[in-house]
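In this chain, numbering begins with 1 at the start of the sequence shown. Just so we're clear, the structure is a prediction, and the values are computed from it rather than from any experiment.
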Amino acid sequence: MAAVLFLVGQHLEDETVIDFMLTDFTGKPNYPIASEIPLVLWDCGYQDLKWIYEEEDKSYLEKHFRTMNEERLIQSSIISLAHSDIVSKMSSVTKTGDSTKYVSLVERQKCFSLEQKQSSMSAGKQRRMALNQAKSKDRIP
């Protein structure tokens, strides 16, 4: 559902789609799950909690975060350079048309419902059981 909220925030979907999906929608529309990258727990607090830790643990944690930060900075620099390079090379390419057209959630293909998934699993299980019974009959002398 977070992906749908992002679509509403980008003005690709009307905000009424949320109520529609929660009440009148049959089957989940096919859309990718939202990225966890922009979701950050900024602050939380606990009353009467005193953290107890070893100095060695604190040093390890600081080193771990410093290393992660350095790795991400390097990755970010590489991506930024690649992006700049691609943009400069693509500026001379002639655009032939817009091949990507947004398809609203209401118009997208629907995923299988829970009942359809259960029915399919049940049918598969029945086929496996029948196959196992046939194999066991073949083994009996």
ask   = Is the number of heavy atoms from other residues, nucleotides or ligands within 6.0 Å of CD (E62) greater than 12?
value = yes
Here the salt bridge (Lys or Arg N to Asp or Glu O under 4.0 Å) pairs for residues 4-14, sequence neighbours left out, are none
Residues pairing under side-chain hydrogen bond (donor to acceptor under 3.5 Å, both in side chains) where one sits in residues 72-81, two or more places apart or in two chains, turn out to be none
- Would a hydrophobic clustering, with Ile, Leu, Val, Met, Phe, Trp and Tyr connected at side-chain separations under 4.5 Å, put V17 with Y102? yes
Residue set satisfying ring-ring contact (aromatic ring centres under 6.0 Å, His included) with F20, at least two apart, ordered chain then number -> F25
The reported gap from CD1 in I86 to CD1 in I79 (rounded to nearest 0.5 angstrom) is 11.0 Å
For I18, the side chain to side chain contact (heavy atoms under 4.5 Å, CB included) test, sequence neighbours excluded, returns V4, L5, V8, L22
**Prompt:** Between K58 and L61, is any pair of side-chain heavy atoms under 4.5 Å apart?
**Reply:** no
Across all chains, not counting sequence neighbours, the side chain to side chain contact (heavy atoms under 4.5 Å, CB included) partners of L49 are Y46, W51
Those residues at least two apart in sequence (or on a different chain) that pass side chain to side chain contact (heavy atoms under 4.5 Å, CB included) with H64 are Y60, M68
(message) Would you say CD of Q116 has more than 12 non-hydrogen atoms from neighbouring residues, nucleotides or ligands within 6.0 angstrom?
(response) yes
To the nearest 0.5 Å, atom CE of M21 lies from atom OG1 of T16 at 11.5 Å
Query raised in the report: Is it the case that more than 12 heavy atoms not belonging to E54 sit under 6.0 Å from its CD atom?
Result: no
Residues passing the salt bridge (Lys or Arg N to Asp or Glu O under 4.0 Å) test with D85, sequence neighbours excluded, are K89
Short question: side chain of K110, backbone of R108 - any donor-acceptor pair under 3.5 Å? yes
Residues at least two apart in sequence or cross-chain that pass side chain to side chain contact (heavy atoms under 4.5 Å, CB included) with E115, listed by chain then number, are S113
